[in-house]
Amino acid sequence: MLALLRRDPVLGTIALVKGGILALNAGVMAGLVTTLAAGSEYRFPGTMASSLFLAGLIWFSISPFLLFGKARERCNALDLALPIPARKLWLAHVSTLILLGLAYATLIVGTLWIMFWMFSRAPADFAVVKQSLAGIYLPVASGLVLIVVLLQRAKASQCQVPRGHAYAIYSMLFLCTGFALIVLLSSLPGPAALVPIGVAVFLGYRTYRSLPPAFTWIPADTHAGIELPQVTRDAAIMRAVEAEEWEMYGKRGPMHGIQFGWFLIRLLCFHPSRNRFAALFFFPLFFLWGLFMSGFFAAWRDLELPQFSYIILSGYLLMSFLPAQMLQIPGVDFLPVSKKLIAALLLIPAFLFLALGLGAGAIGAAILDRSHLQIQLQTSPSSFIPPYSTKAPMVRIPAEYCQISWNGDPPDVAAPWGESHPAWKYPLYAGSRITVYSPFSAPEGSSPRFVAFQIGRAIEAIYGASIPYQVILDRHLEMSSDQTVALKDTDRLIAEHPEWRPRGQVTLAPFLLAAVGFVYAILVSIYLRAWRAAVSDTRRKAIFLALALAAIALTAGQVGVMIAQWIRLDVGAAFIKILMLRIVRTIPGGTLTVWVLSALVLWGAYEFCRRQFQRVEVLPGQTARACL
Amino acid sequence: MKVIDFSDVHYSYKQGSDVLRGISFSLEAGEVVGLLGKNGAGKTTLMRLAMGMMVTSQGSVQLFGLDPRRDALDVKRRVGYVSEDQVLPEFLSVGEIIRLHRGLFPTWDEGLERRLRERFALSPKAKIKTLSKGQARQVALLCAVAHRPEVLLLDEPAGGLDPSARREFLETSIRLLNEAGTTILFSSHYMSDVERMAGRIAMIHEGRLLIDNSLDDLREKYSLALVPRGSGDRQNQLLGLKECLSVRDQADAIHAIFRCEPERCRSILEKGLDIHNSFCTPIALEDMFIELVGGRS
């Protein structure tokens, strides 16, 4: 039986490793987004939104490989020629799909679990309320088993389910049903997940019993097997019709310009290794990732995202789509199509989607930032990734309004009436003299007047508006029963002053784009060197996996460094933001110059990759096994 | 004028094991050359090097005096290429793929396109993915020849075609193009096709060019000697003769290929090795291929 599982068509395709990469990416992304969301510890865990998000991410990451592509094929021609009963082949195929699906789901959930575990080992500041991963895994596994069995009941007596619109609709229906089922199961008690498994076993057994001794052969990758209506028209009419059709094609003229460009995009971007569904998954993923990196989701939840810590991971995400694209090159390599054009359409679209997400997110975040006050009075110890987590109440401001003290000795903040407090500060890394400090902090023991004074200073620094601290004290602050100071309504101030715009709002987009482009270029240029005819498939795969592992290890290393308390990610992120802001303000031309410099870095990185691409040799016979 | 020029071409897929070891030959304008060699001999590699899809480890390849890597666009616009593992974009229809080629090749001949598509009975709306192997090959052939290329590189072009379609292709496309002065380099395992179409044969064996002669020369100037086994190491004795290309120990006798006419072959054996009972005969291309690639050389 194990031999039958190993030779199953679905394992002989790109599905195995590409699906694994997709699952790993999904796991990392789910982990980061969930962790970020969990940072606002009051809102996220246990809500329907989290279940939907996780279930959706897991299900839609694994289902392309279980519903489409080779999942239709139960065996190949060789298997049919061997004395293997159809029942055994059917059972092996169903088992392979279920095991593969469970492996993907385990990979995603495992990645999530590792991330949560790492954060739970972190200091109390980073304590994350854990998601109940078992609560997600069981419904996914249960839904998966049922959907696979239901799909494999279609045309069960044939060696493959015939391709066509009917099958596409059937699959999509089950794809959506599966998702709905998983969401439903995740809201029910755990044992409810056993019901779909029971149904699957029952239906599977009935199908198994009904199978003939041997499958009926249908040629792979054709529409054969579907009974087409016989054309009754005579040959002369057919010829006339074809002649008309040819005439119509003749009138359309040659494929030029946009049409030709669209053909290349379809070939190189949306058709990798004939798995269009998976390809279509990647581009929205890049856009979403860009949106995530822009800090949009963080701004939505009123958090600060350490965007620069995701640069390496972003480069890896973009590169992970490249191997499948490379296999499309033989489709145009023999044609007089410029290699520059092929390189551009191969390397730029993925990056462009990420850049679009980043741009859209930056705009969205800026709008969100305007809609609420950028200053908060924190009255309880903060949790994961707030700006400057402390165990004391303080005036919270966006990272870029903090300051750097190079000698580690920031000046105390003194009010006109003589009250003085040291500024909140934190070293850049353990033992460092360089500290990041907030000149607007109001530490424990501050009088309400001092708090109002600091809020007034912060408003002036951020919005350029001056409000006497007495007004703030009288109108906007209140004393709670435990004698702590609180802002009455954080959005009231901004509602009263709709003209306020954050002055120091710096867009990190050009810096992020340049950094991601640079990392992407390094990874791609190393990987492209593996695309020589003289490089063995094994070596090519090893290089890809080494790059992937290096990228993931470096990202994990950042988390590790944070957990070891060697550096605090929020402080590091603030340090970078302050520096970026200084650069923007210092260099002639400001933001425009930064964009130009960023474009130059990207252009240089692209040219570097393009030169490597010139030397690429992709042989027509190479399959997915050659690169993944 | 040299249209294709291979000069001391080396190529290796693995370090230390060259698949091509110093191949040098050239094609003049209008020549039709059949490239022979057993599987893995390096025929496809040579074609891909000529198309600029791969880079030589050593030596150079030139088409029209241009480097097919550096001047890729100029070269590819003037070349038609069909390979045994050609990949056509599956999502396009036949009509769309022809429109694509029309746009890429300024010299596209719509008249020739029409003649070929009618001959192959191609339907414009049929998607490439729904075509049989033979039909897909016909589309590839049409695309390769309808722009009237100056050079046609065909790597096993007839594989997958039934005999009538193969004959039709050879006799329409190749002949038609060759009459127009197209230079053709094609590899095939069908010796009858090679004999019918090629004026010259280049045979690669173990990475080297074993034979580069006109077909007439091959028929007239090569012979097969059936030499009885005798005392001593007769195979090495035969290989020691400079006219002997290869030897193969068979059940009936030792088969040796000589680069000379049968009369002279007999004389060499008598004078050189004192063998008087050998049987020397002209050799057919297919037999020569089998003897050469199967024997020691």
Side-chain angles (χ1 to χ4, degrees), chain A residues 163 219 221-224 235 238-239 241-257 259-260 263-264 266-268 270-271 274 276 327-342 532-537 539 614-623, chain B residues 11-15 44-45 48 51-55 57 69-70 72-106 108 110 113-114 117-118 121-125 127 129-132 143-144 153:
Chain A
R163 192 165 57 178
D221 290 333
T222 68
H223 287 77
M238 287 295 288
R239 274 200 299 275
V241 169
E242 273 186 1
E244 267 178 36
E245 285 171 355
W246 276 116
E247 203 175 328
M248 191 186 74
Y249 272 91
K251 279 180 189 164
R252 285 188 196 169
M255 206 182 266
H256 278 309
Q259 280 185 331
F260 178 62
F263 154 73
L264 284 179
R266 279 175 77 192
L267 178 76
L268 297 170
F270 297 124
H271 214 71
R274 301 164 196 177
R276 201 183 307 172
L327 296 174
Q328 299 300 318
I329 291 176
V332 281
D333 207 16
F334 62 96
L335 293 173
V337 181
S338 146
K339 278 223 164 194
K340 280 186 183 175
L341 185 62
I342 298 175
R532 308 275 197 273
V535 175
S536 70
D537 291 350
R539 196 162 161 216
Q614 287 294 113
R615 184 68 177 74
V616 154
E617 297 169 334
V618 186
L619 305 182
Q622 280 175 324
T623 63
Chain B
Y11 193 85
S12 62
Y13 287 98
K14 274 188 209 162
Q15 263 188 343
T44 301
T45 304
R48 285 175 182 163
M51 280 301 287
M53 293 174 179
M54 287 154 60
V55 191
S57 315
R69 288 288 289 191
R70 211 179 45 227
L73 285 188
D74 289 340
V75 168
K76 285 175 184 172
R77 279 200 190 104
R78 297 161 74 179
V79 177
Y81 173 74
V82 179
S83 75
E84 56 186 328
D85 47 13
Q86 187 129 7
V87 185
L88 292 173
E90 287 187 330
F91 56 88
L92 291 185
S93 67
V94 175
E96 283 170 329
I97 211 151
I98 289 176
R99 283 184 60 221
L100 169 74
H101 281 77
R102 270 187 211 153
L104 288 171
F105 294 98
W108 190 263
E110 292 194 14
E113 173 208 313
R114 193 177 309 114
R117 74 181 192 226
E118 281 171 5
L122 296 171
S123 167
K125 284 190 173 172
K127 293 271 184 197
K129 65 185 170 192
T130 63
L131 299 180
S132 68
C143 293
L153 297 172

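Per chain, numbering begins at 1; letters A, B, ... match sequence-line order.
Residue Ser12(B) touches chain A through its backbone alone, counting heavy-atom pairs closer than 4.5 Å. With a 4.5 Å cut-off on non-hydrogen atoms, Met54(B) touches chain A through its backbone and its side chain both. Arg78(B) does not touch chain A: none of its heavy atoms, backbone or side chain, sits under 4.5 Å away. Neither the backbone nor the side chain of Glu118(B) comes within less than 4.5 Å of any heavy atom in chain A. Contact of Val332(A) with chain B is not made at all, since no heavy-atom distance falls under 4.5 Å. Contacts of Arg117(B) with chain A are made by side-chain atoms alone, with heavy-atom separations under 4.5 Å and no backbone atom involved. Both the backbone and the side chain of Phe263(A) come within less than 4.5 Å of a heavy atom in chain B. Looking at Ser93(B), only its side chain comes within 4.5 Å of chain A, counting heavy atoms on both sides.
The shortest non-hydrogen separation linking Asp333(A) to Met53(B) is OD2-CG, 3.5 Å. Nearest heavy atom pair, residue Pro89(B) against residue Leu267(A), reads CB-CD1, 4.0 Å. Between Val55(B) and Arg615(A) the shortest heavy-atom distance is CG2-NH1, 3.5 Å.
Shown here are the side chain to side chain contact (heavy atoms under 4.5 Å, CB included) partners of Gln259(A), two or more places apart in sequence or in another chain: Met255(A), Arg99(B). Residues that satisfy the ring pair (Phe, Tyr, Trp, His ring centres under 6.0 Å) test with Tyr13(B), not counting sequence neighbours, are Tyr11(B).
No more than 12 heavy atoms of other residues, nucleotides or ligands sit less than 6.0 Å from atom NZ of Lys125(B).
Note: Ser123(B) leads Ala144(B), Ser123(B), Ala72(B), Ser57(B) in heavy-atom pairs under 4.5 Å with chain A.
In this structure, Arg266(A) and Leu92(B) have side chains that are in contact, with non-hydrogen atoms separated by less than 4.5 Å. Taking 4.5 Å as the limit, every side-chain heavy atom of Val82(B) sits out of range of all side-chain heavy atoms of Phe334(A).
Not a single donor-acceptor pair under 3.5 Å links the side chain of Lys76(B) to the backbone N or O of Ser338(A).
Remark: Gln614(A) CD to Arg70(B) CZ distance equals 12.0 Å, nearest 0.5 Å.
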